[in-house]
2 protein chains.
Amino acid sequence: MEKSYACWLQYDRINDRNLCEDYRKFCQEVAVKGESVILHSALKELKNGLRSMLDIEPIIYKDEAMEASIIMGTYEQLHLQEYGLDSQLFQKINEEGYLIKTIKKKEKETLLLIGKSDKGVLYAVHHLLRLLQLRESLNQLEFIESPKNQIRMLNQWDNIDASVERGYSGQSIFYDHNKITQNHKRIRDYARLLSSVGINAISINNVNVWKVETKLITHEFLADVAKIADIFRAYGIKTFLSINFASPIEIGGLSTADPLDNEVKKWWKNKAGEIFGYIPDFGGFVVKADSEHRPGPFSYGRDHADGANVLAQALKPFGGIVIWRCFVYNCLQDWRDRSTDRARAAYDHFKPLDGQFLDNVILQVKNGPMDFQVREPVSPLFGALEKTNQMMEFQVAQEYTGQQKDLCFLVPLWKEVLEFDTYAHGQGSAIKKIVDGSLYNAKFSGICAVSNIGDDANWTGHTLAQANLYGYGRLIWNPELTSEELAEEWIRVTFGHDSFLIEQIKQMLLDSWSIYENYTAPLGVGWMVNPHHHYGPSIDGYEYSVWGTYHFADRDGIGVDRTLETGTGYAGQYFSPNKEMYNALESCPDELLLFFHHVPYTHRLKSGKTVIQHIYDTHFKGVAQVEGLIEKWSQLQGKIDEERFTNVSNRLQLQLKNAKEWRDQVNTYFYRKSGIADEENRAIY
Amino acid sequence: MEKSYACWLQYDRINDRNLCEDYRKFCQEVAVKGESVILHSALKELKNGLRSMLDIEPIIYKDEAMEASIIMGTYEQLHLQEYGLDSQLFQKINEEGYLIKTIKKKEKETLLLIGKSDKGVLYAVHHLLRLLQLRESLNQLEFIESPKNQIRMLNQWDNIDASVERGYSGQSIFYDHNKITQNHKRIRDYARLLSSVGINAISINNVNVWKVETKLITHEFLADVAKIADIFRAYGIKTFLSINFASPIEIGGLSTADPLDNEVKKWWKNKAGEIFGYIPDFGGFVVKADSEHRPGPFSYGRDHADGANVLAQALKPFGGIVIWRCFVYNCLQDWRDRSTDRARAAYDHFKPLDGQFLDNVILQVKNGPMDFQVREPVSPLFGALEKTNQMMEFQVAQEYTGQQKDLCFLVPLWKEVLEFDTYAHGQGSAIKKIVDGSLYNAKFSGICAVSNIGDDANWTGHTLAQANLYGYGRLIWNPELTSEELAEEWIRVTFGHDSFLIEQIKQMLLDSWSIYENYTAPLGVGWMVNPHHHYGPSIDGYEYSVWGTYHFADRDGIGVDRTLETGTGYAGQYFSPNKEMYNALESCPDELLLFFHHVPYTHRLKSGKTVIQHIYDTHFKGVAQVEGLIEKWSQLQGKIDEERFTNVSNRLQLQLKNAKEWRDQVNTYFYRKSGIADEENRAIY
């Protein structure tokens, strides 16, 4: 139980005597300069880690004691020159960055943990503890670290009845029977986990804001929200709330929520004042408006800029921001209508509004134009908005990627997205430069993601899904880290240092996205899942629906024509040369072929295979690969505690069942439709 | 509101002065011989009907007063010879039958309503009131009526939380917040409606007996059940309960529900005693066992006869019966497995047990082998059980036939089933002779059906769905009545006597089943509905499921091969010549073709059309027909009260939307699969 629960903060006792000695010499006395709740957390984390790993209780000095072996504090509070440091150094470090450096001071090894701010100190402590967990030498350290992204956020899709939308790990840790929980332990532990990987913002309720949740911004709930904010603040995390755009009506007693109405403006202004009265550093609002039947400015003939700006104006005096989601599309589409294309929607809605949003509004854009499918192109909105703050939305929760029953390590997917070159300003305009704000010099920017945790003992249902939360935090801190590095790092801090174990699990993680893709919807076409809950195959499940999610398979071929010439023109939303690459059948990458083109089953992929044979082959392969995962994991018996071992073993069995169902349904569906036999004559029904 | 609620008991004031005079002369004085709760109801109904239709309050004599113009009583209590009647006459009339006869007595017209029992008197009163509603002359009446079926039952699928499984008319009228309601008015009115069409039995809770409902047979609920039974008893209706086979464990504290265990036997015996203590004429148990995950004898290695008999033994001393459902099949089927056939299941399970059930067990068999589809063959179990009581299960609730949003008058379907000749004992072995007990001289037999009512103001959601409840009761009283007769009768008593109105609505009702069939699943293949809720199309919705419900459509053809030679052999469960008729492609009727055969889309039907063109044509036609229904109904504006007119208008619009969705999805699905163009080149997507 404890090991499951601890996730990557295992802090196992270090048994290597030499190493231990080496570490201990740095850790006998700690001097902390300054006083803040965050520094308090930093020190607590440090003491806890050292106690646990090294069995020592350092002497703590509450000032810049020269004899201390660890010196912690912000750069402004310390006498930098006494450590041979130039304060210029900190010009290169951003607000949350830090320096870690080993120096010799009066013949004594001394470790400096110096933050630009107190948050920097906290992150430096986590960094140091991770180095210990990784058994790295502390001699001659020199890290100058700044997080690459400004806002590093998680969105909880938690409802106040404790259900979690797209939650696969039990109930909410935040709510209980239509109240905010008074049991804060789990929230505090969550804050520790998040801060250890650099998360600095969280919205604590579902973007779909229902009746009771609408009242979270009222007197009835704000005192309890403030208690949650206190917990997160101590770990450097700002608290946000998702709000209901119709709040002025639903809780304000007004007859309208028209963003241009003066009463509405005043109401939001007062509301902001009230919230900041409870939570002085409140982050702001996350807003899902005019999306999937949620209220929004369209009801009043206003646009999204009007909608976002009324909130932004209200929050501005207090330093709050508005995170406005771009997941806006026609969710009552007629499947007969092939001209409407959901993939186009975000761009079509928001591109014309570029420049009309106030500077404390950020548009939150899902990584792909559809909805967190296993394979989608990058949303063409990234780069298209030059004068508008924007941030990336990922999904750590595995809604369409196995729901934490199936293994799917998502870091490689996110990496691919971040590395994608939009050519928005010529070559070198990678997504990562847009979301870190550098390409257009955005005032606010960053990355957020839907969380994957709940009140399951191990937080994430599938123990290996912890890697997604860890990898997400670490990656968005520094997108230059590779999937391999992050996988290995997570395995070491979670399961220890057995090299066979590391190799096995690393391979499992790194292969898993591709495996999942193999046995599910082929070649970027997406969907084909059971409606509503989204687990398991239903090839036509979304084919005749209102959701704009079609594959158009007939007896001859499959795929969505999104070309400029004969299709929906979606490909034209990209900058050249991406536009041309996707638009032309010859250059469109195999893995996105059916997202952009409708082709015959006999079309030859760049791989040399026909589409239909590719479907058969990948689906048979995917199941075989899951069997391989099971084999790999089974070899780790005895190297992992029983609880975590069994948890993963059981999930892998579920995954195998799911993969077989996908394989057989997909293959059968396409065999029945195409009539083309598998070249290898394998079982198709 | 009142007219919706009154259903067919409108009892409108009769405005025809001459007719009124004629009627009144019979209705000035009523003599009632005898005393019972049922006679009390009969008199109350009579007085109510006369007051309402004729505005008279007859003088009531509580004995055989000679001056009375109406004489009511049972044949044993009256002095038959005084009316020129021979008591031999009543030998031909069964327990619930009656005589209605006009005689001249001392120059005075006198109307005799003489029952074999008090229930007969009640039915005679309803018959008389119906004659008045139909404006029939009362002169020279002579009806000698006996219900053809012994048990004429409704099954309520009501849950104690007030939800109704497959209910399309609001919440339950029986339950409220996990209690039996104390508001009996609606139940009493339901009893009136049912007795007026001859229903004599009702089970008041869902055949799926959940946790709380399991306790209906305990002290906690029985006093309230008894109150319900009191209400129904007064209208000649026996009350039954659905029970949970695992009751000995769940409420009895035993460790087993093994039907051969002595403790279990004893427990059921005591339980029966307890129930009959509360309700001396309790009907008995309805049991869904080993079906769709409900507990049953299989858990203990026992068969259905063991399971039913333990209950039958317990009920026998008190005169109770066990109604044991044959809806037993593998609901965790692998869709890859084409050898298992759900259609075979009831026969395969129960035929071998013929003769092993106690004589107070009745097997309840759904009309078709699958589940109330718009078109199925008749269950081959009918006629196959020679030494076992059996009864028919119909579904008045329109689960798969439009859910009371779409119009579907089901009497023609039920007629077809009842008239079907099984050839079980040679030609002339129609289903109706099996379920009325005559073919095998069964001790108990009859017909039951899932009710379609709820707490909607008009009982059935769709006003015209009232016709199904009415038609069901009247038809099973006398299966010789035609659909046309029943439709017209219902229209007259419900909407009055405008001849244009009668013709329009009659045509609507009589066409509606065929219309519904036209735009939904073709040629008897069934299913193709949205999973779970069963409304609207999803062609592959059940194709890769565990439910045994497949159409096996591929690019070349469609249908389930149930032949003896190459299929599942299901056709062999019928007696000759039905067996051969279904088994041979040449003789299998078009409308069941795909139920029995897998054929190419180009197969020519007896109609001369190919299967694919038939699909296109019927689906275009079905929608056009719904437009015709709308047109027909719209012409009735002003001839019907606003509320009922609007209710039906609105439903017809929903039906049109649904029909278009079916048309387009079915046509598109098969066009995409077959690649064969519509001969008329109509819009397919």
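Each chain gets a letter, A, B and so on, in the order the sequences are listed, and its residues count up from 1.
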Q) Taking the inter-plane angle between the rings of A:Phe372 and A:Trp157 on a 0 to 90° scale, is it parallel (under 30°), tilted (30 to 60°) or perpendicular (over 60°)? A) tilted
Q) In terms of heavy-atom contacts, does NE2 of B:His533 have more than 12 from other residues, nucleotides or ligands at under 6.0 Å? A) yes
Q. Which of residues 613-630 of chain B get closer than 4.5 angstrom to chain A, counting heavy atoms alone?
A. none
Q: Provide the full list of salt bridge (Lys or Arg N to Asp or Glu O under 4.0 Å) pairs with a residue in residues 522-540 of chain A, sequence neighbours left out, each pair given once.
A: none
(Q) A:Asn178 vs A:Asp161, test: side chain to side chain donor-acceptor pair (under 3.5 Å). Steps then yes/no. (A) CA-CA 5 Å; A:Asn178 281 356; A:Asp161 66 0; over 6 Å; no
Q) Counting a contact as any heavy-atom pair under 4.5 Å apart, which residues of residues 542-563 of chain B contact chain A? A) B:Glu543, B:Tyr544, B:Phe552, B:Ala553, B:Asp554, B:Arg555, B:Asp556
Q. Is the number of heavy atoms from other residues, nucleotides or ligands under 6.0 Å of A:His532 NE2 greater than 12?
A. no
Q) Of all the residues in residues 653-678 of chain B, which have a heavy atom that comes within less than 4.5 Å of a heavy atom in chain A? A) B:Lys660, B:Glu661, B:Asp664, B:Gln665, B:Thr668, B:Tyr669, B:Arg672, B:Lys673, B:Ser674, B:Gly675
Q | More than 12 heavy atoms from other groups under 6.0 Å of NE2 on A:His177 | A | no
Q: May I have the step-by-step check of side chain to side chain donor-acceptor pair (under 3.5 Å) for A:Gln398 and A:Tyr516, ending in yes or no?
A: CA-CA 11 Å; A:Gln398 292 171 241; A:Tyr516 192 82; over 6 Å; no
Q | CD on A:Glu399 to CZ on A:Arg166, rounded to 0.5 Å | A | 4.0 Å
Q: Would you give the length of the straight line joining atom CG of B:Asp406 to atom OG1 of B:Thr401, rounded to the nearest 0.5 angstrom?
A: 9.0 Å
Q) With no hydrogens and no angle check, is any side-chain donor or acceptor of B:Arg294 less than 3.5 Å from a backbone partner on B:Asn208? A) no
Q. Quick one: does B:Glu376's side chain have a donor or acceptor within less than 3.5 Å of a partner on B:Asp371's backbone?
A. yes
Q. Just by distance, do the side chain of B:Gln373 and the backbone of B:Gly524 share a donor-acceptor pair under 3.5 Å?
A. no
Q. Run the side-chain contact (heavy atoms from CB on, under 4.5 Å) check on B:Leu593 and B:His603 step by step: do they pass?
A. CA-CA 10 Å; B:Leu593 184 73; B:His603 174 82; 3.7 Å; yes
